[in-house]
Amino acid sequence: MAELANLFNLVAPFFGLILLGFAAGRYKKLPEAGLAWMQYFLIYVALPCLFYRLISDKHLSELANWAYIGTTTLSTFCAFALSFAVGWRYTREMPQSVMQAVAGAYSNIGYMGPPLILAALGPEASAPVVLIFVFDSLLLFSLVPFLMALAGVGKKSLAATAGEVVWGVLTHPFNLATMVGVFAAYTQLKLPVAIDQMTLWLSQAAAPCALFLLGVTVALRPMKSMPGEVPALVLIKLVLHPLLVWLLLSAFGGFAAPWIYAAVIMAALPPALNIFVISTQYKVGIERASACILVGTLVSMVTLTGFLWLIRTGRMAADLFP
């Protein structure tokens, strides 16, 4: 019972903030345009500070774990391919299938991942959290533009799309913060006290603002109907993806327990809000994206809590093949 109480105290604040945002968005009629500044604050200010602080005090040997990067990225690609197949079975349209693939593979690794995993596993899990975020984002935000260009939605040549992808990767604020963090780790850079305190405050603001924003965004886009493929996509995202990560990391072996558990929890997180952003950008599958986010977030209250319980009680061994 004590462990269940501890687990509830760990998870409840995260979903409580989402619920609070949902209630505010559902019952307080404010214009959606008001979210723009909060989104800007998160993407360009608070979350970059969080990622910088997660990585700046690490040894470079921790960050150059290419076997871990390759295995976790392969797991995400497998979830993407399986979700694409599910989307194709239901829609027979490549653009729609790409959106479904993102829904089944891309977790809420930016908003929920770092604070939840650090609270559950401690600071030794910060390096794998950052690595998974960076390389999962690189994978999906490279695949999506190319596949949409192949489908004729992007209306640009593959060369132009490739240029946009490279520029987007190099200039994304999260990636810039990660690169600065790697430089700080290499040079053992210490920020001035005042700036260090500012980055600390901003990093601490990232999680509550992000979760509240997620709840508001979901509330402003109510689900009108349940697309037939959503249950299968939610199953892939919340159950199969974390199990696949666990299996592959165990099969390759040699990874520390916190790194394996961090990857499992990252994969078990609900679908990211970015799915809606991408579908809006391409004007494809917007209602389906909203349904995946809403249903995935609700179901993850059970599945994510279940994985955390298995990990914290020792019922999920870090290595399947010791």
Side-chain angles (χ1 to χ4, degrees), residues 39-40 42-44 47-48 50-51 54-55 69-84 87 94-114 128-182 206 210 213-214 217 233 236-237 241 245 263 266-267 269-286 288-289 292-293 296:
Q39 292 170 341
Y40 183 90
L42 281 170
I43 294 172
Y44 288 92
L47 284 169
L50 174 61
F51 282 102
L54 286 176
I55 207 168
I69 292 167
T71 305
T72 54
T73 306
L74 174 62
S75 303
T76 301
F77 177 78
C78 291
F80 183 93
L82 183 57
S83 301
F84 182 92
M94 187 169 176
Q96 294 277 10
S97 300
V98 172
M99 292 300 104
Q100 304 303 62
V102 177
Y106 194 55
S107 302
N108 199 332
I109 51 179
Y111 288 3
M112 288 186 71
V129 165
V130 172
L131 291 176
I132 291 172
F133 174 83
V134 170
F135 286 93
D136 272 14
S137 298
L138 286 175
L139 173 70
L140 290 163
F141 290 106
S142 300
L143 279 174
V144 171
F146 276 115
L147 291 174
M148 297 303 272
L150 287 175
V153 175
K155 298 179 181 178
K156 293 181 180 179
S157 67
L158 289 179
T161 300
E164 284 193 359
V165 169
V166 172
W167 179 249
V169 166
L170 292 176
T171 59
H172 194 285
F174 296 171
N175 293 335
L176 288 174
T178 300
M179 288 187 281
V180 174
V182 170
L213 175 64
L214 174 61
T217 304
L233 294 173
I236 294 169
K237 177 79 246 18
H241 190 188
V245 168
M266 288 284 268
L269 294 170
L273 189 60
N274 295 28
I275 302 163
F276 181 84
V277 175
I278 297 170
S279 64
T280 303
Q281 174 187 350
Y282 288 103
K283 298 181 175 62
V284 173
I286 296 175
R288 283 183 160 89
C292 286
I293 295 170

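If you read the sequence from its start, that first residue is 1, and numbering goes on from there.
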For [X] versus [Y], what's the shortest heavy-atom pair and its separation?
X	Y	result
I132	A263	CD1-CA, 3.6 Å
P271	G296	CD-CA, 3.7 Å
L269	K237	O-NZ, 3.6 Å
P270	M112	CG-SD, 3.8 Å
A267	S107	O-OG, 3.5 Å
I109	S137	CD1-OG, 4.4 Å

From [X] [atom1] over to [Y] [atom2], what is the distance, rounded to the nearest 0.5 angstrom?
X	Y	atom1	atom2	answer
L139	L74	CG	CG	9.5 Å
M266	N108	CE	CG	9.5 Å
I55	F133	CD1	CZ	11.0 Å
M99	I278	CE	CD1	6.0 Å
L138	T73	CG	OG1	8.5 Å
I293	T217	CD1	OG1	8.0 Å

pair [X]-[Y]: side-chain heavy atoms closer than 4.5 Å:
X	Y	answer
V98	Y282	no
L54	P114	yes
P173	F51	no

Legend entry - side-chain contact (heavy atoms from CB on, under 4.5 Å) between L143 and F77, worked out: CA-CA 10 Å; L143 279 174; F77 177 78; 4.0 Å; yes
Legend entry - Partners passing ring pair (Phe, Tyr, Trp, His ring centres under 6.0 Å) against F141 (at least two apart in sequence or in another chain):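 Y106.
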Legend entry - Residues which pass side-chain hydrogen bond (donor to acceptor under 3.5 Å, both in side chains) with D136, listed by chain and number, not counting sequence neighbours: T76
Legend entry - N/O donor-acceptor pair under 3.5 Å between S83 side chain and F80 backbone: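 Looks like no, no N/O pair under 3.5 Å.
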